[in-house]
Amino acid sequence: MSDTHAQTVSYVRETMLPEQAPPVSEAGAVKWVRENLFSSWLNIILTLISLYVVYLVLAMLLPWAFGGVWNAGSLTECREVLFSFYKDSHDGACWAVIEDRWLQITFGFYPPELYWRPILAFVLFFVALAPILFADKVPGQLIWFTFIYPFLATWLIWGGSFWSPILVALGFIVAVVAYKVLIKFAGPIVANLGALIAALLWWGVLMGPISDGIHKMVGSARFASTQASLNQQAEDLPIELASLATQAEEKGAEIATAVEDKNALLVEMAEIRVEEFVLAEQIEPKEDAFQRLEGAEETVAKIEDLLGDWDGVPTAANGASEAEVAEATAAAETLTDYIGDVNSLLSGALSDIADGTADPSEVSTMMVRGAMDRDPSIQGDFDEMVSKDDLTGPISALADRAAALTDATSVDEYVALRADIATAAAAVDADIATLNEITDKVIATNAADLEAPQAALKAKMAELTALRDEQTVIAQADFRISTQQTENRGFLNALNTLEERETSVPELRASASELRDALPREYRNMIAVTQLPEGASSDDEAALNAYLTADEQAQSVQASVRDTYSELGRIGLAPIESRQIGGFMLALIIGIAGIVLSLPLGILLALGRQSHLFIVNKICVTFIEVIRGVPLIVWLFTASLLLNYFMPPGTNFDLMLRVIIMVTLFSAAYIAEVIRGGLAALPTGQYEGADSLGLSYWQSMQLIVLPQAMKISIPGIVNTFIGLFKDTTLVVFIGLLDPIGLSQAIRSSTDWNGIYWELFVFIGLLFFIFCFSMGRYSLHLEKKLQREHR
Amino acid sequence: MTTLTDPPKAGFRLSQLIYDTRYRSITIQTIAMILLLFGLYWLVNNTIQNLSALGKDFDFGFLSQPAGYDINQRLVEYSSQSTHGRAAIVGILNTILIAVLGCALATVLGVIAGVLRLSKNWVINSLMAVYVEGFRNVPLLLWIIAIFALMTEGTPAPREFRVGGDAAMILNESVAVTNRGVYIPGIVLENGWAASSFMNWLIIAAVFVASLFVIRTVRKRADAVQEKTGDRPTTWYQQLALLIIPTGIVMFLMGATMQYPSLKGFNFADGIHLRNSLIALWLALSLYTGAFIAEIVRAGILAISKGQTEAASALGLRPTRTMNLVILPQAMRVIVPPLISQFLNLTKNSSLAIAVGYMDVRSTLGGITINQTGRELEGMLLMAAFYLVLSLAISGVMNVYNNRTQLKER
């Protein structure tokens with residue numbers, strides 16, 4: 001076949017044709033655009049719509065964001081500056097609020113001189129995380145730091161004596177030791193229970209007295225020297241305060257001068273601008289009048305339509321049906337209403353122009369003279385304007401005509417009226433256009449004059465901000481020292497009465513127990529008078545009351561002695577109260593504590609849910625479903641309103657701790673579901689393999705199942721964490737100061753009353769950066785794990 | 001010679017409870033049960049002690065006492081003389097209302113955004129990516145507050161709508177967007193059959209649902225005919241008529257008329273007033289959940305292998321039929337389970353109504369009622385029970401659907 005073919009073909013080309021460049025529409029950017037943006041009609045429409053949307057949003061947002069003011073002390077100042085630049089205070093953002101308050105949004109009311117503590121804790125968090133996330137890249141010994149970290153971070157953030165976290169950590173060591181000892185004699189169940197009981201004993205019974213004992217020991221040794229140093233400070237602090245007061249006064253004077261300079265600049269700019277303002281005041285009433293005239297025109301058109309429908313004035317037609325008569329009456333009423341509208345609109349327009357505007361000659365000679373000197377062409381524009389009377393004259397004639405109108409008028413009259421109104425409206429419109437032209441020219445001539453004061457204002461605002469920052473530093477120092485002074489006074493007082501209080505404790509307790517013994521046996525365990533049965537005698541009530549009061553007093557004195565010793569014997573960091581913690585720091589603390597604490601609980605719950613033990617399984621399922629079925633906000637309210645009911649009488653602990661407990665339980669249920677997914681994703685062969693090796697349940701879980709299941713679950717855990725981190729904003733409802741709570745607090749201060757978007761944008765952006773980067777990380781992990789599992 | 005011997009028949013020893021796997025599970029469960037009972041006893045005992053110390057008891061009688069506060073949005077009759085129980089019901093209905101509205105809008109937004117995110121058009125899919133990431137990574141609470149601020153600060157006051165004012169009604173003079181809320185036209189039943197308008201609407205809804213059932217029968221009959229003969233009878237006009245006519249007749253008989261909002265004095269009257277709290281909560285919940293649903297839809301569609309589409313076109317199916325008969329039924333299987341949990345999340349998140357003052361069950365039963373009666377324990381228990389039942393009901397209904405569409409495996 002091919003042979004014959006070869007003979008029949010007379011010429012065969014032996015070289016390749018040179019490759020040609022593709023057509024323009026099939027290469028490079030054009031091709032990409034054609035394929036991706038304009039491939040079909042639907043696509044073209046969608047592209048154009050979305051480009052338009054993007055343009056609209058950016059045209060609104062970008063000038064606002066980038067034309068914002070960064071230096072100002074309050075919203076009013078911010079608006080002043082914006083006004084001097086743009087004439088409209090809504091044209092720019094007031095970022096000054098962020099400049100002023102970002103530390104507060106980040107740290108809440110944490111003392112500024114101690115910011116290093118949470119920052120250090122935050123940085124160390126990543127060190128503690130490294131052995132878990134990058135086990136292959138960091139030395140294995142670092143895992144010890146991960147175990148130490150929770151105690152270290154708690155100590156850094158809340159402060160206190162250095163042995164407190166160590167004593168808490170010792171509880172775990174006690175548990176391990178108890179387990180190791182017990183496992184030699186008994187089975188794992190007994191050993192586990194024993195370890196748990198030992199640890200609970202340590203935390204519940206032993207730890208407190210030991211800590212108090214150390215405090216007392218150190219405190220007694222320091223008593224004299226502390227007293228002396230407090231006395232010394234009581235002399236020194238007032239001097240410091242006085243010097244700070246003078247500094248504050250000087251700074252205040254400097255600021256007052258700067259504010260005056262700023263106001264002078266503002267006045268100067270307003271003087272330059274005064275012509276623009278006058279013109280704007282001329283334009284506004286004319287625009288109002290124009291709108292009213294247009295409204296009148298429309299209404300007259302409606303009247304014409306109505307009359308056209310009835311072919312003349314609607315009257316109760318003779319011999320017509322009842323319905324027609326009713327309709328005619330209704331139409332006549334509408335007509336009267338319309339005529340009333342036209343009347344009021346026209347007279348409104350007339351009074352707008354008559355009251356609000358001046359003759360062009362007045363405006364030009366008196367008010368815009370400055371601009372006219374610089375730009376003579378403005379005079380020409382003024383010549384184009386018509387005098388005030390030329391505008392009011394026709395309109396007042398129209399108003400008279402409208403007032404004279406009755407139902408009996410023919411349609412032609414209305415047509416003529418409408419034409420005249422249109423003429424008058426056109427005249428007003430032309431006048432407005434001329435005034436706008438003049439305004440544009442005036443603005444153009446003013447712009448050059450404004451440049452210098454605007455630059456000066458910017459510099460002045462920066463200077464003012466710097467001065468205010470210095471003032472804040474002084475005020476903070478003043479606050480710190482005066483707080484210290486009050487605290488010192490109280491502490492000194494406490495030290496002076498310490499011995500007395502300490503000796504009185506046994507007496508008070510003895511008298512309380514005497515009173516208790518005097519009570520009838522069945523009343524001895526009561527904690528409130530309300531618990532007495534209905535028929536109790538008044539003597540019993542009085543006795544119970546006396547006992548309760550004495551007992552309370554004994555306890556409070558004992559507690560105050562302990563507090564004094566723990567203050568006196570503290571070796572470590574200054575203690576911080578939970579209510580001082582706020583802002584992003586609070587969100588991070590609750591989020592991280594919630595996840596870290598809920599992980600072990602979540603693992604146990606997940607194992608329980610997979611377990612074949614009926615009761616254990618049902619307990620876990622119920623717990624998980626109940627927690628997940630109810631919103632977090634209800635749980636938070638439970639924490640703030642109800643948790644105290646569930647605890648033994650007299651327990652009262654920190655709101656933040658209560659929130660952390662609730663959040664932990666909440667996220668444990670979610671983590672349990674994530675880990676259950678990981679457990680379910682593991683091939684059954686892994687479980688069977690572990691069993692066939694003869695491993696016990698816990699061994700197989702610990703060595704075979706959990707390491708693999710956890711690895712699969714990490715992305716899910718990260719996602720749970722993102723959700724939890726966002727949900728920490730809900731604590732604002734129970735009175736903790738998270739970023740949103742702080743934004744409300746900032747808004748309610750006099751300086752920043754009425755500011756919304758800047759704060760929202762800042763807080764939203766911070767959350768976004770945090771959550772988005774974590775989300776990306778979890779995606780990255782997912783991809784990496786997919787590769788490893790293939 | 002060896003003889004087979006029975007295993008030694010030792011009696012039950014106590015150590016078997018720990019070492020013998022047959023008995024160990026009983027031991028563990030007994031211990032767990034004891035610990036649980038002890039824990040419950042401890043909690044209940046503490047609660048009783050604390051309650052009696054405060055002079056309180058555990059009693060739901062407060063539900064029948066007069067509430068004494070007003071609720072600005074109510075779907076059933078309620079006045080400040082009504083009981084706390086009635087207030088709780090009003091709150092529950094408001095919660096269900098926002099949940100239903102939110103789920104519907106979130107699904108629409110989510111499906112649109114999810115499909116558009118898969119578009120080859122770069123502008124569209126990056127716009128959708130911005131939407132999805134923007135809403136997923138910022139707390140819902142912030143969105144609710146921001147949208148509420150936008151609704152109250154960025155819209156004109158009702159007086160601006162007067163003649164010569166700066167604002168105007170939209171959509172042919174029927175909708176007014178003001179800083180007090182959105183006013184839309186409403187349907188008024190002038191001579192309803194039942195006493196309360198709520199019951200009337202319930203009757204209309206029942207008729208509508210019944211006609212939906214009839215439509216389904218029509219469709220099934222058409223399916224049967226198609227199975228038998230291969231030709232599908234045209235039924236769309238029957239379906240359309242069934243959809244509109246019965247409900248229309250009932251509404252006509254009840255004297256339904258459209259009522260447009262109109263400016264009376266300083267505020268709008270007539271029509272339906274959608275409060276800013278409702279609008280802000282609804283929009284924020286829908287936009288937020290819609291972003292999550294978009295990701296679910298995208299993942300669901302991506303999960304269907306390309307071979308399915310190719311096989312469908314090899315069979316000669318047109319693209320729309322491929323989508324309807326091949327891709328979507330399979331994608332739904334992947335989409336529905338996470339969609340259920342998103343609906344649950346939306347329902348639970350509706351409790352954030354507190355941020356904008358929307359009167360849901362948390363604001364009535366869990367807020368004002370608790371504050372007025374001091375019944376924290378009872379109120380919180382009832383509220384938690386309500387949310388739990390609602391969540392279980394939603395997940396129950398959706399699980400039925402899920403089981404029906406699931407792949408039937410071995």
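Here is the naming used below: chain letters follow the sequence lines, and residue numbers restart at 1 for every chain.
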Start with the C-alpha distance between A:Phe733 and B:Arg362, add both sets of side-chain angles, then the distance that settles side chain to side chain contact (heavy atoms under 4.5 Å, CB included), and finish with yes or no.
CA-CA 12 Å; A:Phe733 295 126; B:Arg362 207 225 59 80; over 6 Å; no

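Heavy atoms closer than 4.5 Å to chain A are found nowhere in B:Ala385, neither backbone nor side chain. A:Val54 touches chain B through its side chain: at least one heavy atom from C-beta onward sits under 4.5 Å away, while N, CA, C and O do not. For A:Tyr756, the part lying under 4.5 angstrom from a heavy atom of chain B is the side chain only. Looking at B:Leu377, both its backbone and its side chain come within 4.5 Å of chain A, counting heavy atoms on both sides. Using a 4.5 Å cut-off between heavy atoms, A:Leu46 touches chain B through backbone and side chain atoms alike. When heavy atoms are compared at a cutoff of 4.5 Å, A:Phe614 approaches chain B by way of both its backbone and its side chain. Only the side chain of A:Ile619 comes within contact range of chain B, with heavy atoms under 4.5 Å apart. Of the atoms belonging to B:Leu116, it is side-chain heavy atoms, and not backbone ones, that fall under 4.5 Å from chain A. When heavy atoms are compared at a cutoff of 4.5 Å, A:Leu613 approaches chain B by way of both its backbone and its side chain. With a 4.5 Å cut-off on non-hydrogen atoms, A:Ile49 does not touch chain B at all. For A:Asp727, no part sits under 4.5 Å from any heavy atom of chain B, backbone or side chain. In this structure, the portions of A:Phe768 lying under 4.5 Å from any heavy atom of chain B include both its backbone and its side chain. Only the side chain of A:Trp757 comes within contact range of chain B, with at least one heavy atom under 4.5 Å from a heavy atom of that chain.
Rounded to the nearest 0.5 angstrom, B:Ser395 OG and A:Arg628 CZ are separated by 9.0 Å. The CG atom of B:Asn349 sits 9.5 Å away from the CG atom of A:Leu632 when rounded to the nearest 0.5 Å. Taken from CG in A:Leu730 to CD1 in B:Ile354, the straight-line distance is 9.5 Å, to the nearest 0.5 Å. To the nearest 0.5 Å, atom CZ of residue A:Phe637 and atom OG of residue B:Ser351 are 9.0 Å apart. Of the inter-residue distances, the one linking B:Leu150 atom CG with A:Phe760 atom CZ reads 10.0 Å to the nearest 0.5 angstrom. One distance of note links CD1 of A:Ile633 with OG of B:Ser350; it measures 10.0 Å at 0.5 Å rounding.
Most heavy-atom pairs under 4.5 Å with chain A, from the set B:Ala355, B:Gly366, B:Ser119: that is B:Ala355. Among the candidates B:Thr47, B:Leu344, B:Leu392, the residue making the largest number of heavy-atom pairs closer than 4.5 Å to chain A is B:Thr47. Counting heavy-atom pairs closer than 4.5 Å to chain A, the top residue among B:Ala53, B:Ser391, B:Ala32 is B:Ala53.
Scored by the side chain to side chain contact (heavy atoms under 4.5 Å, CB included) test, A:Leu759 finds A:Val97, A:Ile98, A:Ile105, A:Ser743, A:Ile746, A:Ile755 as partners (sequence neighbours excluded). With sequence neighbours excluded, no residue forms a side chain to side chain contact (heavy atoms under 4.5 Å, CB included) with B:Val397.
Shown here is B:Glu153, whose CD atom has more than 12 heavy atoms of other residues, nucleotides or ligands within 6.0 Å. Remark: B:Trp122 CH2 is loosely packed, at most 12 non-hydrogen atoms of other residues, nucleotides or ligands lying under 6.0 Å away.
Closest approach of A:Pro631 and B:Lys348 over heavy atoms only: CB-O, 3.5 Å. When all heavy atoms are compared, the tightest approach of A:Val616 to B:Gln29 is N-OE1, 4.2 Å. Of all heavy-atom pairs spanning B:Asn50 and A:Phe646, the tightest one is ND2-N, 4.5 Å. The minimum heavy-atom distance between A:Ile615 and B:Met33, with the atom names listed, is CG2-SD, 3.5 Å. Residue A:Gln744 comes nearest to B:Ile145 through the heavy atom pair NE2-CD1, 4.2 Å, listed as atom of the first residue, atom of the second, then distance. Scanning both residues, A:Ser50 and B:Leu127, for their nearest heavy atoms gives CB-CD2, 3.5 Å.
Among residues at least two apart or in separate chains, salt bridge (charged side-chain N to carboxylate O under 4.0 Å, His left out) pairs with a member in residues 374-387 of chain B are B:Lys56-B:Glu376, B:Asp57-B:Arg375, B:Arg375-B:Glu378.
Between the side chain of B:Gln49 and the backbone N or O of A:Pro648 there is no donor-acceptor pair closer than 3.5 Å. For the pair B:Asn46 (side chain) and A:Tyr645 (backbone), a donor-acceptor distance under 3.5 Å is absent.
Inspection of non-hydrogen atoms places B:Arg136, B:Asn137, B:Val138, B:Pro139, B:Leu141, B:Leu142 of residues 135-143 of chain B under 4.5 Å from chain A.
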